[in-house]
Amino acid sequence: MLKLKIFTIIFILILISGCAPLQVHRLPAYDYAMNIDGPERPKLFYADSVKIDSALTPFAVISTFEGGGRDFATRRIWKKAAELKADLVLIKHGQTQYAGSTATAVPLPYGGATAMAVPMYQTQIYGFLFKINPSQIGFRTNENNMIIEIHNDELRNAGIIEGDNIISINSIPFPPQGPELLKINEGTEVVITVIRPGTGKVEAKVRTKKNILNFLDYSDVIVWEAPAPPVNEFDR
């Protein structure tokens, strides 16, 4: 029974200590992004918690489970993202999954103990890593690639309007999967192709503009280092 108790304690400590491995999933822009220097500490936000008008390219996804608590797992992703030269990390929490069961000793009312299987659950957590593009075209889309905002007068003057569905930039399907937008500097002419309801395909040539880095003004959702635990007056 002592061995059973020791096994149970060790299993629980492993589960809550955040020892779940970090899995790095490389996206098509990964290799190119890794040749670009990044900040010592990327910005960190929860997905959909801030409005970001900056043009960014995703290059990796880090996944793990929330062992040790949500903030602990988030910091592990954050620090790994810093090693990978990310400029921005967006955290998204996934589903809670059944992670098997562990045996634990339960004292019996008449003496002794019995072993019971206790179910264990883990919640997925993902960190989406981005690099800052050197320029932007000046629009924002929804999840269906429909343009919902335009903040580049040249784009509007070229005939692109809200409600257009963008399908390509320089004949590259939108959204680009590779590092193409990481290679376009400010002032470069690009060809935008959209589908307009009731009209069909529309093309326009515009020059890229300076990237808006509004997200740099926002505070990270947690602090870089874990705060020190409160001091218990009775422990002094």
Side-chain angles (χ1 to χ4, degrees), residues 14 17-97 99 122-137 139-145 166-185 188 190 208 211-216 218 220-222 224:
I14 291 175
S17 65
C19 292
L22 294 175
Q23 301 291 335
V24 178
H25 309 269
R26 300 183 179 187
L27 301 182
Y30 180 88
D31 290 336
Y32 188 87
M34 291 302 294
N35 291 319
I36 304 174
D37 290 336
E40 180 179 350
R41 183 183 308 173
K43 298 296 292 184
L44 178 78
F45 310 117
Y46 293 129
D48 303 322
S49 66
V50 295
K51 177 184 175 182
I52 297 176
D53 291 325
S54 310
L56 305 162
T57 294
F59 68 94
V61 181
I62 301 175
S63 64
T64 187
F65 292 95
E66 290 185 357
R70 176 170 295 188
D71 286 358
F72 181 82
T74 298
R75 283 191 185 91
R76 293 182 65 220
I77 291 177
W78 195 5
K79 292 179 184 295
K80 183 62 178 180
E83 296 176 10
L84 297 178
K85 306 178 184 180
D87 294 320
L88 168 68
V89 184
L90 294 182
I91 297 294
K92 184 176 180 62
H93 298 94
Q95 297 179 340
T96 298
Q97 298 180 336
Q122 294 179 319
T123 301
Q124 296 171 311
I125 180 170
Y126 304 93
F128 296 85
L129 280 56
F130 295 85
K131 295 297 291 186
I132 298 173
N133 295 348
S135 67
Q136 67 172 212
I137 299 168
F139 64 87
R140 191 163 68 90
T141 64
N142 62 12
E143 64 276 7
N144 298 316
N145 298 336
I166 182 166
I167 59 174
S168 69
I169 299 174
N170 286 348
S171 299
I172 301 168
F174 184 88
Q177 297 298 309
E180 292 83 6
L181 298 186
L182 286 172
K183 302 177 181 180
I184 299 178
N185 294 320
T188 302
V190 296
T208 57
N211 202 349
I212 301 172
L213 304 181
N214 66 313
F215 72 91
L216 296 177
Y218 304 146
D220 299 312
V221 293
I222 60 175
W224 178 254

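Predicted, not measured: the structure shown is a model, and the values here were computed from it. Just the heavy atoms: all of them, side chains too, but no hydrogens, waters or symmetry mates, feed the values below.
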Side chain to side chain, [X] and [Y], heavy atoms closer than 4.5 Å:
X: I36; Y: D87; answer: no
X: W224; Y: K79; answer: yes
X: I132; Y: L88; answer: no
X: F215; Y: L56; answer: yes
X: P134; Y: I184; answer: no
X: N145; Y: I167; answer: no
X: P58; Y: L27; answer: yes
X: D220; Y: W78; answer: yes

Which atom of [X] lies closest to which atom of [Y], heavy atoms considered:
X: Q136; Y: N211; answer: NE2-OD1, 2.8 Å
X: A81; Y: V89; answer: CB-CG2, 3.4 Å
X: A33; Y: K131; answer: CB-CG, 3.6 Å
X: P42; Y: A82; answer: CD-CB, 3.6 Å
X: L213; Y: S54; answer: CA-OG, 3.2 Å
X: S135; Y: A55; answer: O-CB, 3.7 Å

Apply side-chain contact (heavy atoms from CB on, under 4.5 Å) to the pair L84 and Y30, showing each step before the final yes or no. CA-CA 9 Å; L84 297 178; Y30 180 88; 3.6 Å; yes
Do you know which of L181, I172, I169 makes side-chain contact (heavy atoms from CB on, under 4.5 Å) with V190?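 Only match with V190 under side-chain contact (heavy atoms from CB on, under 4.5 Å): I169.
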side-chain contact (heavy atoms from CB on, under 4.5 Å), that's the test. Do T64 and Q23 meet it? Break it down for me. CA-CA 6 Å; T64 187; Q23 301 291 335; over 6 Å; no
Audit row: Y126, I62, side-chain contact (heavy atoms from CB on, under 4.5 Å) steps and yes/no: CA-CA 6 Å; Y126 304 93; I62 301 175; over 6 Å; no
Roughly how far, to the nearest 0.5 Å, is the [atom2] atom of [Y] from the [atom1] atom of [X]?
X: N214; Y: D53; atom1: CG; atom2: CG; result: 5.0 Å
X: E83; Y: L22; atom1: CD; atom2: CG; result: 9.0 Å
X: F59; Y: D31; atom1: CZ; atom2: CG; result: 11.0 Å

Identify the residue among N185, T208, T57 that makes a side-chain hydrogen bond (donor to acceptor under 3.5 Å, both in side chains) with N133.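 So the option named by the test is T57.
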Evaluate the ring planes of Y218 and F45, with Trp represented by its six-membered ring, and classify them as parallel (under 30°), tilted (30 to 60°) or perpendicular (over 60°).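 Geometry flag for F45 against Y218: perpendicular rings.
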Could you tell me whether the side chain of [X] and the main chain of [Y] form a donor-acceptor pair under 3.5 Å?
X: T74; Y: R70; value: yes
X: Q177; Y: P175; value: yes
X: E180; Y: G178; value: yes

Look at atom NZ of K92 and say whether more than 12 heavy atoms of other residues, nucleotides or ligands are closer to it than 6.0 Å.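 Atom NZ in K92 is not packed in, count stays at 12 or less.
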Decide side-chain contact (heavy atoms from CB on, under 4.5 Å) for E66 and Q124; before the verdict, give the C-alpha distance in whole Å, the side-chain angles of both, and the deciding distance to 0.1 Å. CA-CA 6 Å; E66 290 185 357; Q124 296 171 311; over 6 Å; no
Listed once per pair and sorted, the side chain to side chain donor-acceptor pair (under 3.5 Å) pairs that draw on residues 32-49, sequence neighbours left out: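 For residues 32-49: none.
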What about F139 and F174, are their ring centers closer than 6.0 Å?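 F139 vs F174: aromatic centres under 6.0 Å.
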Are a donor atom and an acceptor atom from the side chains of H25 and S63 found within less than 3.5 Å of each other?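 Their side chains do contain a donor-acceptor pair, which is all the 3.5 Å distance test asks for.
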